[in-house]
Amino acid sequence: MVPTSYYVLLSAILFTIGVLGVLLRRNAIVVFMSVELMLNAANLALVAFARERLAVEAQVLVFFVITVAAAEVAVGLALLVSIFRTKRTADVDEVSTLKG
Amino acid sequence: MDWLTILIIVIQCFVITLAVTTAFAYLTLFERRLLARLQHRVGPNRAGPKGFLQPAADAVKLFFKEDIVPAMADKPVYLLAPALAVIPALIIWAVIPFGCLNLNWDYQACYDPARANLWNILQITDLNIGVLYVLAVTSIGVYGITLAGWASNNKYSMLGGIRSSAQLISYELALGCAVLSVVMTYGTFSTHEIVTQQQGGLWGIIPQLLGFVLFMVAATAEVVRAPFDLVEAEQELTGGYNTEYGSMKFALFFMAEYIKLIAVSALAVTFFFGGWNFPGLDILGREVTALAGPVAGSIVFGLVSLGAFLLKVVIFLFISVWVRASWPRLRYDRLMDLGWKWLLPLGLLNLVYTAVVIVLIPDRVVHSWVLFGLGALTIAIALGFNRTPKPVDNVTLVNDVQLPQS
Amino acid sequence: MDLILFLITAVIAITGAVAMLVSRNAVHSALFLLLNFAAISVMYLLLSAPFLFAIQLTVYAGAIMVLFLFVVMLLGAEKVEDAPDRIAWQQPLALLLGLALLVVSVVVGLGGATTPPPAGEALAQFSDPRSLGALLFTDYLLPFEVTGFILLIAVVGVVVLNQRGRKI
Amino acid sequence: MELLIWLIPLLPFIGFLLNVFVIRREREAGLVASGLVAAAFVVTLIAVAMLAGMPPEERRIVSTAWEWINTGSFRVPFAIMFDPLTAVMALLITGVGALIHVYSIGYMHGDPRVVRYFAYLNLFVTMMLFLVMANNLLLLFLGWEGVGLCSFLLIGFWFERKSASAAAVKAFVVNRIGDAAFILAMLAVFAYFGTLNFYGDGEGGQLGFLERVSDIAGLRIGPDWQPIFVSTAISFLLLIGATGKSAQFPLFVWLPDAMAGPTPVSALIHAATMVTGGVYLMARAEPLFVASFTTQGWVAWIGALTALLAGTAAMAQWDIKRVLAYSTVSQLGFMVAACGMGAYVAAIFHLLTHGIFKALLFLAAGSVIHGTHDTQDMRRMGGLKDAMPITFRTYVIGALALAGIVPFAGFWSKDEILAHAISHGQTPIFVILFLTSLLTAFYMGRQVALVFFGTQRDPSYHPHESPQVMTVPLVVLAVGATIGGAINLPVLHWLTDWLEPVLHEKAGEFNLWLALIATAGAVGMGYLGWWVYTTNAAKIKIGGKDPAYRYSGDIWEGMEEAWYFDRLYQRTVVAGFERLADFLARVFDPQGVDGLVMGVGRFFGGLANGVRALQTGYVRTYALVFTVGVLIVLGVMLWFAR
């Protein structure tokens with residue numbers, strides 16, 4: 001069997017890439033994708049640990065995460081479309097009027 | 001997993017891919033001939049006897065056409081799109097049971113879900129999430145079309161692509177509802193088990209009459225067949241997403257569409273028409289075993305079940321062509337209207353009363369017929385609604401035009 | 001066998017993620033992310049969670065990424081980063097932080113992980129969608145229904161957000 | 001029985017609710033209000049009869065409706081009780097109250113706010129009954145404040161008049177001083193006894209604090225070199241509370257002003273019932289007061305001093321109601337002094353008789369005011385005895401009772417107090433009280449002479465007798481004032497026996513010589529007063545000086561001004577507060593409070609200006625900072641998880 005730590009390592013790498021995506025990319029949609037990647041990385045680690053302990057509850061949890069992620073994407077993309085309509089761009093740096 | 005298993009699986013995959021591709025080729029011929037008959041014309045009849053070599057001729061032509069990539073296209077995606085269209089159409093076959101040929105030479109095992117080692121070479125794998133797998137694969141079928149539309153950098157293609165993603169996502173829900181009703185009726189995700197539970201003539205169409213209707217409508221939309229072929233509507237979009245595609249790449253799209261059509265027909269048979277079952281199949285198996293031993297019994301059983309399955313699929317394909325020849329294309333807003341306001345609510349309703357009836361009435365036969373009655377009633381009521389299209393602002397009916405008084 | 005499959009899939013997943021990060025075209029990013037998600041769904045299969053495999057494919061690949069692509073295409077927002085970065089100083093810092101985060105999370109994550117138990121009756125139980133479904137409709141019924149409600153609210157919210165001709 | 005005693009306060013309360021929420025017409029209001037109070041009187045009579053049927057030592061009924069307050073160790077039940085002391089108080093309240101309600105129908109006829117008036121009056125009766133029936137200090141305090149509220153509302157009933165609303169506010173504010181002491185007393189009682197109940201519920205529960213006064217015997221608080229007995233502290237605080245409610249020195253100034261209210265209100269609240277609340281409280285808390293020798297001395301002296309001060313002040317008043325008001329203060333002083341000397345039965349006896357005849361006097365005065373078209377200045381009256389025969393006769397009976405002439409009610413009760421003083425060697429108190437009783441006779445003679453004899457000095461009105469609805473209560477009360485002394489005649493001492501289970505007091509000796517001397521003195525002084533003001537009637541001018549002013553000069557002016565206490569308070573306490581308020585409003589609020597608030601605002605404004613630079617608006621920068629935070633948290637966790 002593949003040790004759990006391999007999966008966790010992979011999850012950590014993917015999560016870091018997601019974080020970097022949020023920090024580096026300016027395209028709001030790509031930023032959003034990076035957030036999804038982070039969610040997936042967390043799910044992966046969760047399932048890996050669940051496999052180690054054979055805990056079905058963790059699968060239930062992942063199921064919920066995926067479902068709520070779907071809702072989140074729907075609302076988030078709707079917001080992006082709204083923003084795009086007024087700003088004519090999907091650059092997150094353009095949406096910076098709320099500042100001191 | 002020993003090497004024999006892997007070898008068998010590889011052979012199965014190879015055979016099925018070849019078989020499906022061939023079936024696609026001859027489906028085109030079948031469709032063209034049939035359409036010609038339905039429209040009172042002759043159809044292709046020059047290549048070979050009764051045009052039997054026409055598919056080969058087409059293949060040769062498509063192979064040797066010049067391969068063009070538009071200059072402003074997004075090249076990697078443009079090339080990727082046809083592959084993405086074909087792959088789901090092919091891998092969906094992994095869980096479809098064509099028949100039951102038991103390599104342990106024990107045809108009885110086909111009816112016994114408890115027997116773990118089912119050496120059935122007429123189904124690649126029997127997943128415990130088989131139906132979910134089908135749904136998952138259909139859900140990624142949208143990429144090929146969408147990406148093709150976008151990557152071509154052509155506004156007709158783009159419109160086709162956008163239309164396709166909206167349409168496929170919309171009808172996927174109704175499709176899922178219909179399929180989940182079946183899953184609920186049989187209490188399993190495994191396609192093989194669904195088939196075995198339909199043994200004895202009580203086919204899936206009886207408890208799931210409404211489910212079947214929904215499945216057929218939604219599946220037709222999923223494979224963008226007429227009357228739901230707005231994605232490629234020639235009259236409006238000059239071919240839609242595949243406008244910019246030629247030669248083999250176009251052939252791949254074409255192939256994907258027809259393979260999906262066959263797959264959907266196969267799924268309809270599996271879910272609603274007993275799969276490889278037909279009345280008297282087990283008697284045949286028993287008699288042949290008694291006459292010529294278990295090996296012959298098992299082989300005859302397998303081949304006959306395969307034949308029954310194929311026959312049913314062909315009937316469905318015929319119906320599909322018939323529909324294409326008969327019905328006009330829907331307008332896009334009516335398409336969305338149908339998907340969201342009719343199919344999805346009916347699907348949910350079906351899901352709900354299936355669950356209630358199954359829980360309330362434990363007896364399989366009784367609840368099947370009760371569900372049949374409910375399904376028929378629901379269809380009758382749904383059809384009974386006045387479906388007169390509501391007037392749209394930019395349409396003026398002839399009757400409404402005021403003629404100047406003379 | 002498992003390890004080879006894992007390594008191949010892991011390489012694909014990481015490749016997909018990195019490519020998503022570096023591609024300048026949002027559609028390419030989305031496609032690479034799709035690749036990554038597909039790899040993760042295969043990971044679920046390797047982890048004996050076939051139900052999650054199907055859900056991952058259906059929801060993430062079949063719905064969420066389609067939605068992303070749809071929005072990208074609709075908005076024509078494939079390339080928005082052609083303008084110079086106004087906070088370019090952040091990039092090296094972000095890389096540094098990412099590295100630190102990687103180190104920390106690897107150290108944290110490897111803390112309690114060991115080799116999982118081999119196949120058996122318990123594993124069959126674990127991978128059977130029936131046990132998950134039973135749990136979902138008994139112990140986790142309330143969260144399940146709340147999730148349904150969240151989805152409903154999301155639908156309403158999206159409709160309200162994207163109404164045309166009305167100031168929000 | 002328990003239900004019966006709950007009915008007593010609830011009947012007037014129902015009347016209050018009806019008058020507030022249902023009734024809109026004057027006639028119904030009067031009937032409902034009087035009827036329900038009369039019904040309460042009947043119920044009280046039945047309850048008293050049933051109480052009398054019990055063995056003397058068991059004559060206490062405690063009934064708990066529900067747990068009112070329950071916070072840990074502080075538990076207060078909503079409990080009332082009925083024992084001999086409560087019984088006589090309830091009889092007085094409902095009996096006199098019912099008569100005054102009936103009288104009010106006539107007196108208030110035509111007033112635009114009669115319904116409200118009767119609602120207040122019913123609420124007052126309810127609250128007064130709760131005051132006397134409460135089984136714990138907190139419920140008593142509820143009644144105490146309730147009657148204070150009703151007093152405030154009724155004094156200011158004609159709030160269009162500046163003087164009325166000012167008097168209402170004054171009464172309220174002065175009473176607050178006493179109430180503060182009352183609250184402190186409650187806290188002290190709870191601190192030392194752990195309960196506010198007077199008595200246990202008789203079912204084996206915790207005993208009330210009045211039954212456990214011995215717990216604090218000898219208990220001292222304060223610094224070592226000047227300790228105070230706890231009993232002294234508590235009873236002294238209660239005394240201050242009583243001086244507020246019962247208008248004793250130095251807090252008596254509100255009562256004369258309270259005459260701005262309708263006259264029946266003066267009769268009921270400011271003569272017969274509410275102002276006796278302090279005396280009732282002392283009688284109820286008798287074990288506590290008896291336990292403190294110090295407080296008893298203070299009580300006696302305060303009572304005596306008040307009696308004398310108010311008696312002298314009453315002599316020089318021109319307003320018919322103010323005379324009676326100062327007289328009330330003076331008589332309350334008698335009762336308080338009696339309490340201070342340990343003559344609680346005598347105090348209650350005097351309370352009862354005074355309640356009857358002073359109500360009679362006020363109502364009769366009200367009748368006079370009514371018959372002379374709202375004239376209150378006695379200089380504008382005179383010779384009314386022919387125009388208002390019934391009022392005249394009942395007034396004279398009331399005056400005789402107040403002056404202490406045999407055989408009217410006032411004689412017996414006053415005599416008992418004086419006899420107790422002399423028999424217990426309280427000579428200074430006795431001298432003061434005796435002097436005051438002589439003054440009482442004098443000013444009543446003066447008043448009768450001024451109002452009813454001579455000729456009418458102001459011809460601008462035509463006096464007439466009041467309607468029957470007003471005169472009948474007068475007659476009933478006159479009968480009570482005549483024979484009321486019978487309840488505690490020296491030989492029979494029914495009241496003493498009746499109150500024995502509560503006050504544990506034996507009947508005193510009847511001092512024949514004292515009685516003779518006192519009667520003779522009263523007759524003489526009463527006649528003197530009458531004679532002076534009938535013979536000098538011609539010299540009295542409207543707005544003019546008193547004939548006696550010539551002989552006494554400034555002293556008379558001092559008496560007229562009640563020894564300048566109002567002016568004193570005005571110049572010291574009130575002026576001080578005004579200056580403080582002025583300082584707070586003009587200096588402290590704009591500079592201190594506002595400065596603080598604005599300073600805080602400016603501080604944070606400056607801070608925000610500084611911090612503003614951090615808010616760039618770039619989401620990515622926020623995410624970066626967020627990541628740093630996550631790293632720190634994870635790092636710390638790692639560090640400590642090692």
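Lettering follows sequence order; numbering is per chain, from 1. The figures that follow rest on heavy atoms only: side chains count, while hydrogens, waters and symmetry mates do not.
Contact annotation for B:Ile162: both backbone and side-chain heavy atoms come within less than 4.5 Å of a heavy atom of chain C. The parts of B:Leu132 that come within reach of chain C are both its backbone and its side chain, each placing non-hydrogen atoms under 4.5 angstrom from that chain. Interface residue C:Leu34: only side-chain heavy atoms are found under 4.5 Å from chain B.
Using bins of under 30°, 30° to 60° and over 60° for the plane-to-plane angle, the ring pair C:His28/B:Trp150 lands in the perpendicular bin.
Around atom CG of B:Leu360, more than 12 heavy atoms belonging to other residues, nucleotides or ligands sit under 6.0 Å away.
Ring-centre distance between C:Tyr44 and C:Phe51: not below the 6.0 Å cut-off.
The closest donor-acceptor contact from the side chain of B:Ser157 to the backbone of B:Asn153 lies at 3.5 Å or more, if one exists at all.
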